[in-house]
Visitor: 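Shown below is the structure under consideration.
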Amino acid sequence: MKVMKFGGTSVGTPQRMKDVAALVTKSGQPVFLVLSAMSGTTNSLVEISDYLYKKNPDGAHEVINMLERKYMRHVNELLETEEYRKQTTDFLKEEFNYLRSFTKELFTSFEEKSIVAQGEIMSTNMMANYMKEQGINAVLLNALDFMRTDKNAEPDPIYIKQKLTAILDSYAESEPQVFITQGFICRNAYGEVDNLLRGGSDYTASLIGAALGAEEIQIWTDIDGMHNNDPRIVEKTQPVHQLQFEEAAELAYFGAKILHPTCVQPAKYVGIPVRLLNTMQPDAEGTTISNATEYGKIKAVAAKDNITAIKIKSSRMLLATGFLRKVFEIFESYQTPIDMVCTSEVGVSMSIDNSAHLGEIMDELKKYGTVTVDTGMCIICVVGDLDWSNIGFETRVMDAMKDVPVRMISYGGSNYNISFLIREEDKRRALQSLSDHLFNS
């Protein structure tokens, strides 16, 4: 069985829902389908909640009515038979009346989570009814019946596997072609409606795939696939067809169009490949993320802007113990993560991507040494199998950067990444040079 997840824009219109149904049934094998809410729905539900927090039921009613009209139009375009139109319309009316019921009650974060969950519930109901109308043996499952987090708000994989396996076993005789469920939503350890904090629907798909021992987890979006560089900045980019999980994690930090590392951990642990695919180009190969390593191969280059470099120099650091601990504790106290770190006998340089507490951090650091700051910086990250035993990759990378002023270089913390801190104004030149030397030569 394959798990296929589609995001909000992929099911954002009746035609796109039809396209998704065609993709799902194309393989001819059983599929577990995970859907997000239709695009724009979650934002509207959050807006409704915001009005209710502000004790403005009239504002909430206006957004609810607008959203209801949108869904009713979609039903008429999506479904052809009176039977399924009425069935879906009646369900949606109940949903919107449920949303209206919150305007009469005390409103807290618990009620907000229940409201936001309705987007996925509505989209999956519409898809299930459309598939049934098309003669597809589809079964709609409620994610709230098997998706649960523990007291630490982390998914409970044992519970998920036990519940989901039992539910699927109960349908064994009818042999459904498609199981459909909601992404993002779950119950917490206390039985309340909640949501998966990181990764959303992608996380749901990964957890389901791991629980079922799926053949593959497919994440479908409407964006172009992963490239070895940003095609908006660099000429002659090439698609990346395979990434190791750690390589994907490195690229995710840099805003690459790729999965959050947390949401693929369940798949990584059980060795299930995750494939990123494009609903606009369904026949394209996409990018597969797995535990397999392509030895000695450089895969991609990415960049992250708005970086601040901080250097602290102090003779007290020489042969001293505890100096770095004191420095890092300052960043911890202001909840500011550090990205790159380079040290010498009398100094340490680091980079951050959140300068909200830069002033306070500098004041604290000045107690221990002389502090200098460089803003408007950019981290360039080269990703691949960069184990130190793979002789020669450093020469290729350094040769590409020979004409670019480099503030910091970081290598050794990972076997999959070598990073350079440069000025933002040099980013385009650096990316193009790396692309030419590493991929186009």
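All heavy atoms count here, side chains included; hydrogens, waters and symmetry mates do not.
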Visitor: Calculate, to the nearest 0.5 Å, the distance between atoms CD1 and CD belonging to Ile64 and Gln118 respectively.
Guide: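 Output value for this atom pair is 11.0 Å.
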Visitor: Test side-chain hydrogen bond (donor to acceptor under 3.5 Å, both in side chains) on Glu47 and Asn43; report intermediate values, then the result.
Guide: CA-CA 6 Å; Glu47 186 180 5; Asn43 288 340; over 6 Å; no
Visitor: Donor-acceptor pair, distance only, cut-off 3.5 Å: does the side chain of Ser433 make one with the backbone of Ala400?
Guide: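 Flag set: sc Ser433 to bb Ala400 pair under 3.5 Å.
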Visitor: Assess the residue pair Arg16 and Met280 against the criterion (side-chain contact (heavy atoms from CB on, under 4.5 Å)); give the C-alpha distance rounded to whole Å, side-chain angles, the decisive distance to 0.1 Å, and a yes or no.
Guide: CA-CA 10 Å; Arg16 288 199 171 185; Met280 301 297 105; 3.7 Å; yes
Visitor: Go through Lys163 and Asp145 one step at a time and tell me if the salt bridge (Lys or Arg N to Asp or Glu O under 4.0 Å) criterion holds.
Guide: CA-CA 8 Å; Lys163 286 289 185 180; Asp145 291 338; over 6 Å; no
Visitor: Look only at the side chain of Gln242 and the backbone of Ala292, and say whether a donor-acceptor pair between them is shorter than 3.5 Å.
Guide: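 Flag set: sc Gln242 to bb Ala292 pair under 3.5 Å.
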Visitor: Hey, what do you get for CG (Leu277) to CH2 (Trp220), rounding to the nearest 0.5 Å?
Guide: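 Leu277 CG to Trp220 CH2: 4.5 Å, rounded to 0.5 Å.
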Visitor: Taking Asp50 for the side chain and Val46 for the main chain, is one N or O donor matched with an acceptor at less than 3.5 Å?
Guide: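 Not at all, since once roles are kept as given, no pair shorter than 3.5 Å links the two residues.
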Visitor: Give a yes or no on whether the backbone of Ser36 and the side-chain of Ser123 come within a donor-acceptor separation of less than 3.5 Å.
Guide: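 The answer is yes, because a donor-acceptor pair under 3.5 Å joins these two groups.
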Visitor: Show the numbers, then the answer: is there a side-chain hydrogen bond (donor to acceptor under 3.5 Å, both in side chains) between Ser114 and Glu111?
Guide: CA-CA 5 Å; Ser114 293; Glu111 284 75 28; over 6 Å; no
Visitor: With the side chain counted from C-beta on, respond yes when Asn142 and Gln182 share a heavy-atom pair under 4.5 Å apart, and no when they do not.
Guide: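 Yes, side chains in contact.
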Visitor: Give the minimum heavy-atom separation between Pro282 and Leu23, together with the two atoms involved.
Guide: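 For Pro282 and Leu23, the tightest heavy-atom pair comes out as CB-CD2, 3.5 Å.
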Visitor: With a 4.5 Å heavy-atom cut-off, do Ile330 and Glu360 have their side chains touching?
Guide: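 Not in contact.
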Visitor: Quick check: are there more than 12 heavy atoms from other residues, nucleotides or ligands sitting under 6.0 Å from NZ of Lys313?
Guide: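 Not more than 12 within 6.0 Å, no.
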Visitor: Report yes or no: does Ser349 contribute a side-chain atom to a donor-acceptor pair with the main-chain N or O of Cys342 at less than 3.5 Å?
Guide: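 No, Ser349 side chain to Cys342 backbone: no donor-acceptor pair under 3.5 Å.
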Visitor: Under the criterion side-chain contact (heavy atoms from CB on, under 4.5 Å), I'd like the reasoning laid out for Arg396 against His437: C-alpha separation, chi angles, the key distance, then a yes or no.
Guide: CA-CA 7 Å; Arg396 295 170 61 198; His437 279 75; 6.0 Å; no
Visitor: CD of Glu329: more than 12 outside heavy atoms within 6.0 angstrom?
Guide: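 Counting neighbours around CD of Glu329, more than 12 heavy atoms of other residues, nucleotides or ligands fall under 6.0 Å, so yes.
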Visitor: Are there more than 12 heavy atoms of other residues, nucleotides or ligands under 6.0 Å from atom CD1 of Ile158?
Guide: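 It does not: Ile158 CD1 has 12 such atoms or fewer within range.
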Visitor: Do Glu68 and Arg100 meet the salt-bridge criterion of a basic N to acidic O distance under 4.0 Å?
Guide: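 Answer for the salt bridge query: yes.
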Visitor: A quick test of your reading: do over 12 heavy atoms of other residues, nucleotides or ligands sit less than 6.0 Å from CD of Gln335?
Guide: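 Check fails, neighbour count at 12 or below.
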Visitor: Taking all non-hydrogen atoms of both residues into account, name the closest pair between Glu247 and Gly384 and its distance.
Guide: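 Answer, listing the atom of Glu247 first, then Gly384: OE2-C, 3.3 Å.
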Visitor: Examine Phe110 together with Tyr190 and report whether their ring centres are nearer than 6.0 Å.
Guide: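 No, they do not, as the ring centres are separated by 6.0 Å or more.
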Visitor: Which heavy-atom pair separates Asp385 from Tyr416 by the least distance, and what is that distance?
Guide: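 In terms of heavy atoms, the two residues are closest at CA-CD2, 4.5 Å.
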Visitor: Could you walk me through whether Phe32 and Leu168 pass the side-chain contact (heavy atoms from CB on, under 4.5 Å) check?
Guide: CA-CA 10 Å; Phe32 202 113; Leu168 265 59; 3.9 Å; yes
Visitor: Would you say NZ of Lys161 has more than 12 non-hydrogen atoms from neighbouring residues, nucleotides or ligands within 6.0 angstrom?
Guide: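 Incorrect, the count does not exceed 12.
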Visitor: Between Asp150 and Ala189, is there a donor-acceptor pair closer than 3.5 Å when you use the side chain of the first and the backbone of the second?
Guide: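 Between the backbone of Ala189 and the side chain of Asp150 there is no qualifying donor-acceptor contact (under 3.5 Å).
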Visitor: Short question: side chain of Tyr411, backbone of Trp388 - any donor-acceptor pair under 3.5 Å?
Guide: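 Confirmed, Tyr411 side chain pairs with Trp388 backbone.
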Visitor: Does some side-chain heavy atom of Leu92 sit less than 4.5 Å from a side-chain heavy atom of Asn125?
Guide: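 Sidechains of Leu92 and Asn125: no contact.
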Visitor: Would you confirm whether Thr279, through its side chain, and Thr221, through its main-chain N or O, come within 3.5 Å as a donor-acceptor pair?
Guide: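 Looks like yes, one N/O pair under 3.5 Å.
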Visitor: Is it the case that the side chain of Ser314 and the backbone of Tyr368 share a donor-acceptor pair, with hydrogens and angles ignored and the cut-off at 3.5 Å?
Guide: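 Pair found, side chain donor or acceptor close to backbone of Tyr368.
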Visitor: What pair of heavy atoms forms the shortest contact from Leu45 to Gly119, and how long is it?
Guide: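 Closest heavy-atom pair between Leu45 and Gly119: CD1-N, 3.5 Å.
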Visitor: List the atom of Pro405, the atom of Ile422, and the distance in Å for their closest heavy-atom pair.
Guide: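 In this case the closest contact between Pro405 and Ile422 is O-CG2, 3.5 Å.
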Visitor: I'd like to check Lys299 versus Leu243 (side-chain heavy atoms, cut-off strictly below 4.5 Å). Are they in contact?
Guide: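 They are in contact (side-chain heavy atoms under 4.5 Å apart), so the answer is yes.
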Visitor: Quick one: CD1 on Ile289 to CD on Gln244, what's the gap to the nearest 0.5 Å?
Guide: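 Taking CD1 in Ile289 and CD in Gln244, the distance rounds to 10.5 Å.
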Visitor: How many angstroms lie between CG in Leu421 and SG in Cys378, if you round to the nearest 0.5 Å?
Guide: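 SG of Cys378 is found 8.0 Å from CG of Leu421.
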Visitor: Working to the nearest 0.5 angstrom, can you tell me the gap between Met350 CE and Thr343 OG1?
Guide: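 Output value for this atom pair is 9.5 Å.
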Visitor: Does Glu285 come within less than 4.0 Å of Arg275, counting only side-chain N to carboxylate O?
Guide: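 A salt bridge is absent here (no side-chain N lies under 4.0 Å from a carboxylate O).
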Visitor: Using only atom types and a distance under 3.5 Å, with no angle test, would you say the side chain of Ser435 pairs donor to acceptor with the backbone of Gln432?
Guide: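 Judged by distance alone, no pair lies under 3.5 Å.
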Visitor: Hey, does Thr124 have a side-chain heavy atom less than 4.5 Å from the side chain of Thr181?
Guide: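 Not touching, per the 4.5 Å side-chain cut-off.
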Visitor: Side chains of Tyr71 and Thr41: donor-acceptor distance under 3.5 Å anywhere?
Guide: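 There is such a pair (donor and acceptor under 3.5 Å, judged by atom type) between the side chains of Tyr71 and Thr41.
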Visitor: Which atoms form the tightest heavy-atom contact between Ile310 and Arg407, and what is the distance?
Guide: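 Closest approach of Ile310 to Arg407: C-NH2, 4.4 Å.
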Visitor: Could you give the distance from CG (Asn417) to CD (Glu250), rounded to the nearest 0.5 Å?
Guide: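 With rounding to 0.5 Å, CG (Asn417) is 4.0 Å from CD (Glu250).
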Visitor: Does atom NZ (Lys70) have a neighbourhood of more than 12 heavy atoms from anything else shown, all under 6.0 Å?
Guide: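 More than 12 heavy atoms, drawn from other residues, nucleotides or ligands, come within 6.0 Å of this atom.
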Visitor: Test Tyr203 against Val34 for side-chain contact (heavy atoms from CB on, under 4.5 Å), laying out the working first.
Guide: CA-CA 10 Å; Tyr203 206 0; Val34 179; over 6 Å; no
Visitor: Check whether any side-chain heavy atom of Met1 lies under 4.5 Å from a side-chain heavy atom of Phe179, and answer yes or no.
Guide: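 SC-SC contact between Met1 and Phe179 confirmed.
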Visitor: Is there side-chain contact between Glu62 and Tyr51, with at least one heavy-atom pair below 4.5 Å?
Guide: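 No, too far: nothing below the 4.5 Å cut-off.
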Visitor: Please tell me if the side chains of Ile208 and Met147 come closer than 4.5 Å, counting only heavy atoms from C-beta onward.
Guide: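 With C-beta onward as the side chain, the pair touches.
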